[in-house]
Amino acid sequence: MLIVMDKKATGDEVQRVVEIIEANGFTARPIAGGDRVSIGVLNNQGPVDSSLFVGLPGVKDAIAVTRPYKLVSRETKPEDTVIQVGNVLIGNAHMTLIAGPCAIESEAQAMAIAEKVKRAGAHIFRGGAYKPRTSPYTFQGLGLEGLKIMAKVRETYGMPIITEVMDSETFEAVEQYADIIQIGTRNMQNFSLLKRAGQSRQPVMLKRGLSATLDEWLMAAEYIMAGGNHNVILCERGVRTFVKHSRNTLDLSVVPVVRKESHLPIIIDPSHAAGKRDQVIPLSRAAIAVGAHGLMVEVHHEPDKALSDGAQSLYPEQFSTLCRHVDQMHALLQTD
Ligand code: PEP
Ligand code: MN
């Protein structure tokens, strides 16, 4: 259930509703909206009696939330969530471009790529310090050293940074450095990691699992929000299908459904979906057309020498082209 407060409701009136929710053994989760506060009722096993709230001072309405993902749902928060990271906004009408290498390989590599993607128009720098690799014999990332290099990139180029957290052991370190914490495909249903992310103050980008349904993905996001962290960004990066012409299949059909079901921003990662760089620009254009709030793209200045995912990494010049296309398409879509 969602208790919608009046625009003029006072802090005391909100507090009284919270107390009634808690006195009934449920959890109250106030949600700041555009011009009013709503209070989500969580942890109820069955329907909640609306007469507990209707008629109380400051209460406008008590609405049953039908979706299993309560806080993620548009029923709970009708307006789009916009997440601010430094000077960058993610969500609603903003178009956010995240770019950088798959993995941080050295300071020189990270700096060279950061300089180029920044100049092309990237807003946020990506790079993996802890890498989830299929083979234990391949490059596993620089770990803490990689995080420190990313912090230097932020200092030098003024771009916020996003990097993946793989486990609870390294969560604190990643949290200390990252402006956005990425939870990767392979960890989408790592529930202890999701709970830990729920306690974080940093925004979290949750990538869709390789074979996750929409409901499973949104429920994973619900874990983070239920823990108290409302700054969640969804990222579609391709799902596993029978095809061989690409690494995965980018499920763009999920974008309008996510936007209907949820207020959270959704970013598209065409790089891990395609696996090949020649598909990345066309898929990016399609992602913008279908309503994505931004892109996360792998870029490398020397992809042939990349220690991971070179084949899908754009050359910096290709990323510049992509940025121009995105600008033009976004401007076109803003006009209606
Ligand atoms: C990544 O973005 O670096 C990554 C490993 O992606 P995914 O979790 O989508 O495979
Ligand atoms: Mn990669």
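These figures come from a predicted structure and were not determined experimentally. When reading the values below, keep in mind they use all heavy atoms of this one structure, side chains included, and skip hydrogens, waters and symmetry mates. Whatever order the structure lists ligands and atoms in, that order sets their numbers, starting from 1.
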Contact check, side chains of [X] and [Y], non-hydrogen atoms, under 4.5 Å:
| X | Y | answer |
| --- | --- | --- |
| Tyr177 | Leu144 | yes |
| Tyr157 | Glu115 | yes |
| Lys148 | Glu145 | no |
| Gln182 | Cys235 | no |

Provide, to 0.1 Å, the distance between [atom] and the closest protein heavy atom, together with that atom's residue and name.
| atom | value |
| --- | --- |
| atom 7 (P) of ligand 1 | Thr185 OG1, 3.3 Å |
| atom 4 (C) of ligand 1 | His272 NE2, 3.6 Å |
| atom 5 (C) of ligand 1 | Glu164 OE1, 3.6 Å |

### Task
Identify whether the distance between the nearest side-chain nitrogen and carboxylate oxygen of Arg247 and Asp309 falls below 4.0 Å.
yes

### Arg277/Glu298 salt bridge by N-O under 4.0 Å criterion
no

#### Entry: Nearest option to atom 6 (O) of ligand 1, as decided by whichever heavy atom of Lys207, Arg186, Arg237, Met188 sits closest
Lys207

#### Entry: Proximity flag Arg208 to ligand 1, non-hydrogen atoms under 4.0 Å
no

### Message
List ligand 1 atoms under 4.0 Å from Gly184, heavy atoms only on the residue side.
### Response
8 (O)

## Note on the structure
For the Mn ion (ligand 2), the nearest N/O/S atom on Glu298 is atom OE2

### Atom of Asp309 nearest the Mn ion (ligand 2) (restricted to N/O/S, atom name only)
OD2

